[in-house]
Amino acid sequence: MITKPKGTYDVLGANARNYNYVEEVVKTFANLYNYDYIRTPIFESRELFHRGVGETTDIVTKETYDFQDKKGRDLTLRPEGTAGVVRSYIENKLYGSNDLTKLYYFGTMYRYERPQAGRNREFTQFGMEVLGSNDPSVDAEIISLPVRIFEALGIKNLKVKINSLGDKESRENYSKALTSYLEPHLKDLCSDCEARFKKNPLRILDCKVDGENEVIKNAPKVIDYLNEESKERFNKVLSYLDELDIDYEVDANVVRGLDYYDHTVFEIVCDIKELGTGNVLAGGGRYNSLVKNLDGPEVPAMGFACGLERVLFTIDTLELKCADERSLDVFILYVNDEEKRHAMYLTQELRLNGFSAEMDYLEKSLKNQFKEADKYNAKYLIILNSEDLKEGMLELKDNLTKEKKKVKEINLIDELDGNL
Ligand code: HAM
C-alpha cells in the first residue's frame with residue numbers, strides 16, 4: 001500500500017469541515033479589517049528564502065525542501081509566506097501608490113522538521129501582512145487580529161507574548177553584549193551554536209537543542225539594550241494594545257527564529273498540554289528591512305502567520321463546537337427507471353435553485369435509500385412515484401416530524417423556500 005509521506009496528513013471528515021470553517025472565519029475577519037487576498041507560488045527561487053528568511057536560521061539551513069528543475073534552476077518549496085508576499089509586492093510594484101498595503105494569504109508551507117503534535121513537514125498557514133507603515137498602531141492591529149480570530153473560534157487559554165528587538169543600533173549593541181557573554185561558554189553549547197556564534201549569535205537563542213541550557217537561559221536580554229527611540233516605540237505598541245483591550249505579557253525570551261525581524265515580535269501561545277512544544281498558534285513581528293533587502297524600496301512592514309493544523313488540533317482537544325454536522329436540504333428517493341430519470345432532473349433543479357440535494361446512485365432498495373437520507377441528515381425527502389409524476393405531483397416528507405404531503409411540482413421551490 002502506498003502511504004502518505006512522513007510529516008504530511010490528509011484532511012478528512014469533521015476535521016475537513018472545521019478546516020473550511022476556520023478558513024471562512026479568517027476570510028470574514030480579513031474583510032472586516034480590510035485585507036486583500038494574495039496567492040503566491042508554492043515554490044520560489046531558493047535565493048528568496050536565503051536572503052529573506054536568513055542564511056543562519058534553522059528554517060533555511062536545515063529545513064527547506066530544495067530542488068532543481070529540468071533547466072537547473074535552484075528552487076525551494078516555501079517554508080513560510082512572508083518572503084513570497086514581499087517578493088510579489090516588489091515585483092508587482094504595489095508600493096507605487098505610496099499607500100498602505102494590507103494582504104492576507106492561506107497556503108501550504110514546507111519544512112523538514114521532526115514530525116510531532118502540531119509540527120508537520122507540510123502544514124498550512126494563514127497570515128496577514130501590512131506594508132507601508134511603521135506606525136505602532138499597525139503592530140497593535142496585527143497582534144489583535146489572530147487574538148480576535150481565535151476568540152471567534154472559541155479558543156480560550158491564550159497568552160500573547162510580546163518583545164522588542166529594537167532598531168539596528170539597539171540590536172548591534174545587544175549583539176556585542178551577547179557575543180562577549182557567550183564566548184567563554186561556547187564549549188557548553190552544541191556544534192550548531194558554535195557555527196551560529198560566528199555568523200549570527202542571536203540565532204543561538206532559538207536553538208532547539210540548547211533551549212533549556214542554563215547558559216542560554218541566563219544570557220542578556222535584548223529588551224535591556226533598547227535605545228530610547230526603540231523603547232518609546234515599544235511602549236506605544238503596548239499602550240495601543242491596551243486601547244484595543246488585548247491582554248499581553250512582555251516576554252524577553254521571544255526572539256523568533258527568522259532573521260527579518262526588528263522592533264516588535266510576538267507569539268500567541270495556547271496553554272494546553274497536548275500541544276507540547278507546538279503550542280505556539282501564531283507568531284509574527286515587524287520587518288522594516290525586508291523589502292529593501294529583497295531589492296525593493298525602503299518600506300516598513302508588520303505581519304503574522306498562524307499554523308492552521310495547530311488551531312484545528314486545539315479545536316479538537318478543547319472539543320469546541322465549530323462546523324455543523326453535514327446536512328442536506330433534500331434527498332430524493334425512487335424505485336423504477338422513469339422515476340430515477342426524474343430524480344436526476346429534480347436533484348439538479350434543486351441544486352441550481354440553491355438547495356443542497358442528493359439521490360442514490362447505487363440503485364439501492366427504497367429501505368436503504370431512507371437509511372442513506374438519514375446518514376446525510378436530510379431535512380426533506382421527496383419520494384417519487386410514477387403515478388404522482390403523471391399528475392405533476394410529488395410526495396414531500398419532513399424528515400424530522402415525519403409529516404407527509406403532496407405538493408405540485410411547480411410549487412416545490414416555493415414550498416421549500418418557505419420552510420428551509
Ligand atoms: P513562524 O513562527 O515560523 O513565522 O510560523 C508561524 C506559525 O506557523 C507558527 O506559530 C506555527 O503555528 C506554524 N508552524 C510553523 N512551523 C510549523 C510546522 N512545522 N508544523 C505546523 N505548524 C507550523 C512565520 O512563518 C512568519 N512568516 C510569520 C510572519 C508573518 N512574520 C511576519 N509576517
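Numbering of ligands and ligand atoms starts at 1, following listing order. All residue numbers refer to positions in the sequence shown, counting from 1.
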A student checking ligand 1 against Gly283 at a 4.0 Å heavy-atom cut-off should list atoms 10 (O), 28 (C), 29 (C)

Does ligand 1 have any atom sitting under 4.0 Å from a heavy atom of Gly127? no

Tell me which protein heavy atom sits closest to atom 9 (C) of ligand 1, plus the residue, atom name and distance to 0.1 Å. Val280 O, 4.0 Å

Atoms in ligand 1 with a heavy atom of Gln125 nearer than 4.0 Å: 5 (O), 6 (C), 7 (C), 8 (O), 24 (C), 25 (O)

What protein heavy atom lies closest to atom 26 (C) of ligand 1? Include the residue and the distance to one decimal. Tyr260 OH, 3.2 Å

Ligand 1 atoms nearer than 4.0 angstrom to some heavy atom of Gly307 are 7 (C), 8 (O), 11 (C), 12 (O), 13 (C)

Should Phe234 and Lys231 be marked as a side-chain contact (heavy atoms from CB on, under 4.5 Å) after you check the CA-CA gap, both sets of side-chain angles, and the distance that decides it? CA-CA 5 Å; Phe234 188 47; Lys231 240 186 253 171; 5.8 Å; no

Atoms in ligand 1 flagged as close to Tyr261, the criterion being non-hydrogen separation under 4.0 Å: 26 (C), 28 (C), 29 (C), 31 (N), 32 (C)

Aromatic rings Tyr104 and Phe106: how do their planes relate, parallel, tilted or perpendicular, breaks at 30° and 60°? perpendicular

Ring centres of Tyr105 and Tyr37 under 6.0 Å apart? no

Is it the case that the side chain of Asn399 and the backbone of Asn377 share a donor-acceptor pair, with hydrogens and angles ignored and the cut-off at 3.5 Å? no

Distance to 0.1 Å, residue and atom name: give those for the protein heavy atom nearest to atom 1 (P) of ligand 1. Arg256 NH2, 3.6 Å

Taking 4.0 angstrom as the limit and counting only heavy atoms of Ala282, give me the atoms of ligand 1 inside it, by number and element. 10 (O)

Return a yes/no value for Tyr105: is any of its N or O atoms, backbone included, closer than 3.5 angstrom to an N or O of ligand 1? no

Quick one: which ligand 1 atoms are inside 4.0 Å of a heavy atom on Tyr287? 32 (C), 33 (N)

Note: ligand 1 atoms sitting under 4.0 Å from heavy atoms of Leu258 are 3 (O), 4 (O)

Which protein heavy atom lies closest to atom 14 (N) of ligand 1, and at what distance to 0.1 Å? Phe123 CE1, 3.5 Å

Can you tell me which residue and heavy atom of the protein come closest to atom 30 (C) of ligand 1, and the distance to 0.1 Å? Thr82 OG1, 3.0 Å

In ligand 1, the atoms that come under 4.0 Å of a heavy atom of Glu129 are 30 (C), 32 (C), 33 (N)

